[in-house]
Each structure stands twice: as C-alpha cells, then as structure tokens.
There are 2 protein chains.
Amino acid sequence: MARTPRNTLSSELIVRTALDLMECKGTDGFSLRGVAAELGVGPMALYTYFRNKNDLYDAVRDHLMALLPAVPEDAAWPDQVRSVCRGLRLLMLQHPCLAQLLAGRPLSGHETARVAEGLLGVLRNAGFEPEVAARTHTTLFTYVLGATSWEIQMAAERRDPEAWRRLRTTMESLSAREFPTVVELAPELARTTGGDEQFDYGLDLLLAGLRVRTPS
Amino acid sequence: MARTPRNTLSSELIVRTALDLMECKGTDGFSLRGVAAELGVGPMALYTYFRNKNDLYDAVRDHLMALLPAVPEDAAWPDQVRSVCRGLRLLMLQHPCLAQLLAGRPLSGHETARVAEGLLGVLRNAGFEPEVAARTHTTLFTYVLGATSWEIQMAAERRDPEAWRRLRTTMESLSAREFPTVVELAPELARTTGGDEQFDYGLDLLLAGLRVRTPS
DNA sequence: CACCGTACTATACACTGTACGTTATCGGAG
DNA sequence: CTCCGATAACGTACAGTGTATAGTACGGTG
C-alpha cells in the first residue's frame, strides 16, 4: 500500500504547506484535504498535529506574525507606533490571508503576544497610563485590521474583471439627484480605497489625536 | 407531490428568511439549503431570485443598511460624524452577521450608497475638499468596521466557554519575563476589547485629529 | 524477540453550493 | 372557456467540505 514512512510530517511542515496553499489558492480555495494531498497523505493525518481546522489557522497566523520585525529602539514614540502599524499592514499585504486569520479568530499564540508586547511597551514608555495604553493599543490594532482588510478586499475585487465591471456599472447607475455627493466624489472614492497615502492619512489622524493627550 | 403554489416566493421573503437564519444560527451555520428548508422549498428554488450565495449576501446587507437612520440635520459636523459612526456600530452589534457581510464583499446597493451619501455630505458641508472628504470617509468607515468586527468577534469568543477558558489559560501562561507589559496590562486589555467607551475613545482620537485639519 | 503507543490510513457521514434537465402551473392570447 | 408558452419550483446529481470512528503497520523500548 506504499504507506508513507513514519515521521515525515510535522507541525512546521504542515503549517508551511498550508500557508503556501492559502497564498496561491486564496483563503476560500484552501482546504485540509488540499494540504493533505499536497503532502501526499490522507486527510486525517493532519489531525495528529492539529485538533481541527481552526487550530491550523491559529498556527499559520502565529507563523506569519513571527515575520514582523522588532520595534526600532531609537525613535520617538509616534514614529515607533507608525513603524509597528505600517509593519503589520505590510505583512498583511504580502500575505493577504493574514487579514482573515486575524479578523476571524481571537488573538493567541506566542508571536502574536510578542507583537502586542512591542506596541504596548512603546505606549507605556511614552508615559500613557495602563488603561489608556490598552485602549490605544486596541484602537490602533483595529484600525490597521479594518483599513488593511478593506484595502485587500478592494484590490481583490479590482483584479476580478467581472466583479469590477459590475461594480463600476452599479456605481455609474446611481442617480445623481438622489446621491449627489457620492456621484461627485466617485473618482476620489475609487482612489482612496487603499494605498500607502490612504493608510497613513488615517494613522496620522489617530496620532494627531493622541498627541493632544500626550502625558507631560 | 404537494408542489408549492407558484408565487409564494419573492426576493423580499427570501432575504428576510436568510437574515433570520443568520441571526439565530450565525453566519457560519447559515446555508442556502437551510433557507430553502425554512421556506419549505427545494434548494434550487432560490436560484430564480439570486444568481448565487454571494448575491443573496449582498441583498441581505442592503436590507440591513436600510435600517440606518438619516443623519441629524441640526448638529455640528463632528456630532453628525459621531452619530453616523455610532449608528453603524449599533446596527452591527444588533445584527452581528453584518460585520462579515460588510467586510467580505464590496460595497454596492442602493441603501449602502445612501449611507455613504450621508457621511460624505456631512464632510463636504463641513468644508473639506473632495479628496480629504473621500479619505476621511474611508478612514472612518474602516475604523468602524475593524473596531466593531473585533468587538463582535471577542464577544462571541467570551460566550463560548470552551474557547474562553483556553484563551484565559494561554494568556496566563505567558512568561512575565518575556512579555512584561502584556502580562501587566492583561486586565486592562480584557476590558478594552469592546464597549461604548472603547469605541468612542478611538472615534474621538480620529475626530480630534480631524479638528486640527478643519477648514476655516 | 515481543510489545505497545502512535503516526498514518480507510471508510463513512452529514453537510455544502450549484449545474442540469424536467414538470406543473399560471397569466394572457385566441 | 380553452389553450399555450413562459417560468417558478422540482429532483437528481456531482464534486467538494470537515471530521468521527475504527483499523493498521511501524518504531522505539522492554
């Protein structure tokens, strides 16, 4: 029966294969059976290493989070915050599946904690009280998550010609009498669905708001 | 064979049934077959009204967006912005499926455009240039989306005792030497995963940042 | 050598979305 | 009133999915 030898599998290997599959087939096209097939193994073999699909998702997420660089030591805190947020966005853009892995599951895992530690440390060192630091951390994280998820979603839509055409036509069919501002700003809206500038704009708004509350 | 009479179905009815099912079984437990069964009809009957599952999702999203109230006329623009953002969050909390419906698909549909028109109008009337208005709109929308999705996700996690217990234990098993700040702020972090205060904190940061750029 | 835990396999179930071809019903034309 | 064609709903089928359960062969240990 050409049974595969005994210790060919490992969590590491499975996670890497899963990640590869997600990147090339998209999070939707991803399946446990696909990973197993890629590894030349029955679907149930994976259950030796992961209790279910969600556990594998968590492992892949932590695997990706490990790629985030450490916070730069010698910089003013607003620049450190910017650096962390931009880093996370960049990683999400490089690995679009990360958006759904972050949004759909709670934060857990060693590397994920490392990232939180970095940002929280920056805020505490800047002099923010514990509660304000925590609130700010959540705000920044959810902003990055929302903005970048949206950006990725929009980019994907733009790549699918059918969906893109339908979107354009429905946009253009909007009554200029009923929705004058939307129609007027349609080009601007199309331009601001993503990109570095758009991301930094929102980030700078948050930082400007934070500056007002900066502790002495 | 007791075939169901001819015009018992309609887009309206299907959308309402789909929404009911999503609310009580969650977006994951939702299925076309479930909707069809609820209506006492074969699965394929729905395809007369919707080309596929995603089309039905879009219809449900627009159906929900129709529930958003209009922007209050007599108020300063920051309060108008607050009102729109809070309204959207509230709607997402009342209908948790809306989070995934907004995040996973592009914006389209009449009611969705209405909401965008409201917010964009406020910003334009406040004197913001077209590009700034568009950028601000995207920023606000993605903040609300990210913050509220996260809040919903966390609340769901807290409701599942098994998942919640596992989360607590992994949190507590984090080395205080390696992650001092995370461990120190664990209670604050747990408290700031959602709630009106947390949402308003981030929203006020954005508005404070905006005030700096307010046109004369 | 015998043994046992465990890494992997096989089979099976209850689902999913949806493509295809059929049939019965109803509104309108004659 | 009768008839007919469009079409709403049907049944069947397919290629998938995650995973529960039970079985099997291999590797390290006694």
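Just so we're clear, the structure is a prediction, and the values are computed from it rather than from any experiment. Lettering of chains follows the sequences in order, A, B, ..., and the numbering in each one begins at 1.
A:Tyr47 has its OH atom 17 Å from the P atom of C:dA10, to the nearest Å. Straight-line distance from the CD1 atom of B:Ile14 to the C1' atom of D:dA8: 11 Å, rounded to whole Å. If you measure from atom NZ of A:Lys53 to atom P of D:dT19, you get 8 Å, rounded to the nearest angstrom. Summarising the geometry, the separation between CG on B:Leu9 and C1' on D:dC10 is reported as 12 Å, rounded to the nearest angstrom. Between A:Leu46 atom CG and D:dT17 atom C1' the separation is 14 Å, expressed in whole Å. In this entry the distance linking CG of A:Leu21 with P of D:dT17 reads 10 Å, nearest Å. In this structure, A:Arg33 atom CZ and C:dT16 atom P are separated by 16 Å, rounded to whole Å. Atom CZ of A:Phe30 and atom P of D:dG18 are 7 Å apart (whole Å).
Out of D:dA9, D:dT19, C:dG17, the shortest distance to the side chain of A:Asn52 is found at D:dT19. The B:Met44 side chain lies nearest to D:dT12 when the options are C:dT11, C:dA7, D:dT12. The side chain of B:Thr48 lies closest to D:dA9 when the candidates are D:dT19, C:dA7, D:dA9.
No salt bridge links A:Glu117 with A:Arg114; every basic N to acidic carboxylate O contact stays at or beyond 4.0 Å. A salt bridge between A:Arg82 and A:Asp204 is present, with a side-chain N of the basic residue lying under 4.0 Å from a carboxylate O of the acidic one.
In this structure, A:Ser31 and A:Arg51 both approach DNA chain D, and ranking their closest nucleotides by distance from the 5' end singles out A:Ser31.
When all heavy atoms of A:Arg61 and A:Pro106 are compared, the closest pair comes out as NH2-O, 2.9 Å.
Note on A:Ala45: a base of the nucleic acid sits closer than 4.0 angstrom, heavy atoms only.
Put simply, the side chain of B:Thr148 never gets that close to the backbone of B:Leu145: no donor and acceptor are under 3.5 Å apart.
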